[in-house]
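Comments concern the structure below.
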Amino acid sequence: MRVVVRTFSELCITVGTVIVLFVVYVLFWTGVKADSAMDDQIAQLQEQWAKGSVTAGPEAPTSTATGSPGASPEEPAPYKDGKPFAVMYIPRLGFTWNKPVLEGTKTGTLKKGLGHYASTAQLGQEGNFAVAGHRRTYGDPFKDFPRLRPGDAVVLTDGATWFTYRIDTKPYKTLPSDIAVIDPVPRKSGYTREGRYLTLTTCEPEWGHSHRLIVWAHLDATQPVEAGKPEALRR
Amino acid sequence: MYGWIWRHLPGNTWARALISLVLVLAVVYVLFQYVFPWAEPLLPFNDVTVDNQ
């Protein structure tokens, strides 16, 4: 009898310890891992850009002979799934806030940065460039998402061009099934005409998954990287 | 349970303590490297998209 009680209490203590360790893992260790993974991705991008092999750059030479009839000539090459192609800066979330944007929104991809919805437009193109990111865990990239306000800048670079988007809406709360928010012309944003839009999505509430938070932005300005950082990032 | 393990470790008290420490670290390593990464996606923090991909 004593052995049974002792073994049972030892098991309870063990389970408790494992749970505490798991909380440490989720709250702390995923952040450590994500920070190094994101630094890796950005370093990878910068190395790529330094070599001048901008795979998805808008300045890709006009396709020789193999021009497919459907694609417009300035259409950039498709992004590679799970690979970084841009860096995002949002001054409102912190002057040093910058995260890599990877292609796809798979769980594994979102551990290494923000994820671009593969079905949506490409950076700076006509349509809706939609990006998802973690609110909590894995570096908490969108922790301060509710602080975004109309007029805030969202700046992205693909190594060749700076794209400055301006947020037009306060964070909008919706249901996870509301896929119309990443439509080319997201109606609920108040946009009525086709344009070059950006959508950011994350989870709501902070630690839950019952809803999503959305903000919309429009492309305000572009400039080549040679012209220096856009005004929104200068201080 | 732990008493049983302790009795079955070789050596004197110091050697047993050292082996216990190594065992604990090994368990923590396995948890962080394999078990928690598997369990973490079962929590809701990964659902950040609107199309559930």
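Here is how names work: the chains are called A, B, and so on, in the same order as the sequence lines, proteins then strands, and each is numbered from 1. This structure is a prediction, so every number in the text was calculated from the model and none was measured.
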- Are A:Lys99 and A:Ile90 side-chain neighbours, meaning at least one heavy-atom pair lies under 4.5 Å? no
- Note on the structure: Applying a strict 4.5 Å limit to non-hydrogen atoms, the region of A:Ile214 in contact with chain B is side chain
- Query: Does anything in residues 91-98 of chain A get under 4.5 Å of chain B by heavy atoms, and if so which residues?
  - Reply: none
- Query: Between A:Glu103 and A:Lys83, is there a side-chain N and carboxylate O pair less than 4.0 Å apart?
  - Reply: no
- Does A:Gln44 reach the side chain of A:Pro84, with side-chain heavy atoms less than 4.5 Å apart? yes
- OG1-NE2 distance between A:Thr105 and A:His116, expressed to the nearest 0.5 angstrom: 9.5 Å
- Message: Can you confirm whether A:Asp178 sits close enough to A:Arg212 that some side-chain heavy atom of one is under 4.5 Å from a side-chain heavy atom of the other?
- Response: no
- Query: Is A:Asp152 salt-bridged to A:Arg147, cutoff N-O under 4.0 Å?
  - Reply: no
- Note on the structure: So, the part of A:Val131 with a heavy atom under 4.5 Å from chain B: the answer is neither
- Are A:Val101 and A:Asp158 side-chain neighbours, meaning at least one heavy-atom pair lies under 4.5 Å? no
Could you list the donor-acceptor pairs under 3.5 angstrom formed by side chains in residues 20-34 of chain A, with sequence neighbours left out?
{"from": "A:Tyr25", "atom 1": "OH", "to": "A:Lys33", "atom 2": "NZ", "distance (Å)": "3.4"}
{"from": "A:Thr30", "atom 1": "OG1", "to": "A:Val26", "atom 2": "O", "distance (Å)": "2.6"}
{"from": "A:Thr30", "atom 1": "OG1", "to": "A:Tyr138", "atom 2": "N", "distance (Å)": "3.3"}

- Message: Is A:Ser210 in contact with chain B via its backbone, its side chain, both, or neither, using a 4.5 Å heavy-atom distance?
- Response: neither
- Message: Less than 4.5 Å to any heavy atom of chain B: does that hold for the side chain of A:Thr201, its backbone, both, or neither?
- Response: both
